[in-house]
Peer 1: 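Just dropping this structure here.
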Amino acid sequence: MLEADKVFAGSIPENYDRYMVPLIFAPFAADLARRAAALMPIDILEIAAGTGAVTRELAPRLLPAANYVVTDLNQPMLDFAASQQAPDRRIKWQQVDAQTLPFENAVFDLVFCQFGAMFFNDRLSAYREAKRVLKPGGHYLFNVWDRIEENHFADDVTNALARLFPDDPPRFMARTPHGYHDTALIRRELEEAGFSRVTIETVTAQSRASSPRIPAMAYCQGTVLRTEIEARAPGRLDTATDCAAAAIEKRHGGGAVAAKIQAHVILAAV
């Protein structure tokens with residue numbers, strides 16, 4: 001992963017929430033929120049909350065006595081998430097690096113994270129920090145994307161941009177969001193960090209959009225792919241988006257489109 005892969009700024013947070021969340025994150029946000037709520041936690045820490053897709057799903061499911069700390073490394077993403085959340089005295093917003101959590105030992109029942117572990121520079125440190133702040137009997141719940149070939153729109157866009165920029169293909173999606181899918185490695189790292197009873201479930205869903213243009217916009221303008229495209233060809237963002245849309249249309253049709261998305265859901269106990 002490159003340092004630039006973690007910079008979600010400018011118009012990216014708004015486009016991310018407008019396009020990416022309904023396209024690929026919403027089904028898994030509902031799934032993760034259901035799993036989190038079933039653990040009946042009181043003190044909850046969300047890491048890498050992004051624009052708040054899971055926050056919005058989970059908050060209504062929590063007990064009235066809950067204390068819910070929502071964090072992200074990127075202040076622009078966190079600001080956008082807070083702006084989309086209804087006022088809730090149980091929720092506290094805080095910019096936090098998952099690898100150096102600013103909390104005391106053993107203070108949370110649940111630490112969870114939707115599609116954030118792939119962005120940790122030092123996952124072992126992040127996992128050890130999660131374990132440190134969990135109470136005895138607490139849980140660490142998170143998900144990661146499976147390999148890019150199992151996530152068809154992401155694969156389509158990445159391949160289209162590789163044809164457009166053959167000398168320097170933008171590889172953000174394959175490199176980072178889909179770069180941490182080895183379940184044996186995930187299990188080994190969690191166990192090395194001190195977690196026990198690690199369970200991993202692979203979950204498949206459908207990504208749907210009203211036209212091929214929507215996923216093209218989502219990936220090219222609502223992720224760090226935008227930064228990679230603009231670095232290679234200033235002023236050609238729309239051209240790149242058109243190229244991605246054409247590739248999606250060729251594979252999935254010109255009207256409403258649907259494609260496979262797949263992720264791993266991990267639950268580890270202290």
Side-chain angles (χ1 to χ4, degrees), residues 1-2 5-6 8 16 19-36 46-51 53-54 57 98 112-121 123-124 126-127 130 139-162 169-193 195 197-209 214-216 218-220 222-225 228 244 247-248 251-252 257-268:
M1 185 186 69
L2 305 178
D5 289 355
K6 299 187 287 185
F8 286 71
Y16 178 100
Y19 296 112
M20 290 299 285
V21 168
L23 185 71
I24 62 171
F25 291 116
F28 290 102
D31 175 76
L32 207 66
R34 175 184 59 78
R35 295 170 189 263
E46 181 176 0
I47 295 170
T51 57
V54 185
E57 287 282 344
F112 79 95
C113 178
Q114 164 135 297
F115 299 123
M118 307 90 69
F119 292 88
F120 300 159
N121 285 333
R123 285 187 295 269
L124 197 56
Y127 293 162
H139 291 89
Y140 186 27
L141 172 67
F142 66 101
N143 53 16
V144 297
W145 292 114
D146 201 349
R147 63 194 188 102
I148 196 167
E149 292 82 1
E150 301 291 350
N151 291 271
H152 295 173
F153 286 150
D155 198 35
D156 295 337
V157 171
T158 298
N159 291 335
L161 294 179
R171 296 289 295 169
F172 166 71
M173 293 307 302
R175 181 178 61 246
T176 300
H178 296 280
Y180 185 53
H181 54 75
D182 184 335
T183 56
L185 173 63
I186 294 168
R187 182 184 300 278
R188 185 166 65 249
E189 290 183 337
L190 285 167
E191 290 174 347
E192 187 175 346
F195 284 98
R197 288 184 286 132
V198 177
T199 61
I200 302 177
E201 179 183 349
T202 300
V203 178
T204 301
Q206 286 285 301
S207 178
R208 302 181 186 278
I214 298 299
Y219 286 98
C220 292
T223 76
V224 176
L225 264 182
E228 291 196 323
I248 293 169
R251 182 175 181 184
H252 302 282
V257 290
K260 177 185 178 182
I261 46 177
Q262 188 162 290
H264 304 305
V265 181
I266 301 96
L267 180 66

Peer 1: Going by salt bridge (Lys or Arg N to Asp or Glu O under 4.0 Å), name the residues that satisfy it together with Arg187, two or more places apart in sequence or in a different chain.
Peer 2: none
Peer 1: Report the residues that fulfil side-chain contact (heavy atoms from CB on, under 4.5 Å) with Ser207, sequence neighbours left out, ordered by chain and then residue number.
Peer 2: Leu23, Ile24, Phe153, Ile261
Peer 1: Is it true that His264 and Thr183 share a donor-acceptor pair across their side chains at a distance under 3.5 Å?
Peer 2: no
Peer 1: Which residues satisfy the ring-ring contact (aromatic ring centres under 6.0 Å, His included) test with Phe195, sequence neighbours excluded?
Peer 2: Tyr140
Peer 1: Looking only at side chains, do Glu189 and Tyr180 share a donor and an acceptor under 3.5 Å apart?
Peer 2: yes
Peer 1: Report the residues that fulfil side chain to side chain donor-acceptor pair (under 3.5 Å) with Asn143, sequence neighbours left out, ordered by chain and then residue number.
Peer 2: Gln114
Peer 1: Indicate, with yes or no, if the rings of Tyr16 and Phe25 have centres closer together than 6.0 Å.
Peer 2: yes
Peer 1: Which is it for Arg197 and Leu267 under the side-chain contact (heavy atoms from CB on, under 4.5 Å) test, yes or no, and what are the steps along the way?
Peer 2: CA-CA 8 Å; Arg197 288 184 286 132; Leu267 180 66; over 6 Å; no
Peer 1: Run the numbers on Arg188 and Glu191 for salt bridge (Lys or Arg N to Asp or Glu O under 4.0 Å), then give the verdict.
Peer 2: CA-CA 5 Å; Arg188 185 166 65 249; Glu191 290 174 347; over 6 Å; no
Peer 1: Determine the interplanar angle of the Trp145 and Phe115 rings, folded into 0 to 90°, and report it as parallel if under 30°, tilted if 30 to 60°, perpendicular if over 60°.
Peer 2: parallel
Peer 1: Mark yes when over 12 heavy atoms from residues, nucleotides or ligands other than Arg171 sit less than 6.0 Å from its CZ; otherwise mark no.
Peer 2: no
Peer 1: With sequence neighbours left out, write down each residue that passes side chain to side chain donor-acceptor pair (under 3.5 Å) with His139, or none if nothing qualifies.
Peer 2: none
Peer 1: Using only atom types and a distance under 3.5 Å, with no angle test, would you say the side chain of Asp31 pairs donor to acceptor with the backbone of Pro27?
Peer 2: no
Peer 1: Check the pair Met173 / Val157 against side-chain contact (heavy atoms from CB on, under 4.5 Å), numbers first and verdict last.
Peer 2: CA-CA 9 Å; Met173 293 307 302; Val157 171; 5.9 Å; no
Peer 1: Mind checking side-chain contact (heavy atoms from CB on, under 4.5 Å) for Ala258 and listing every partner two or more places apart, or none if nothing turns up?
Peer 2: Gln206, Arg208
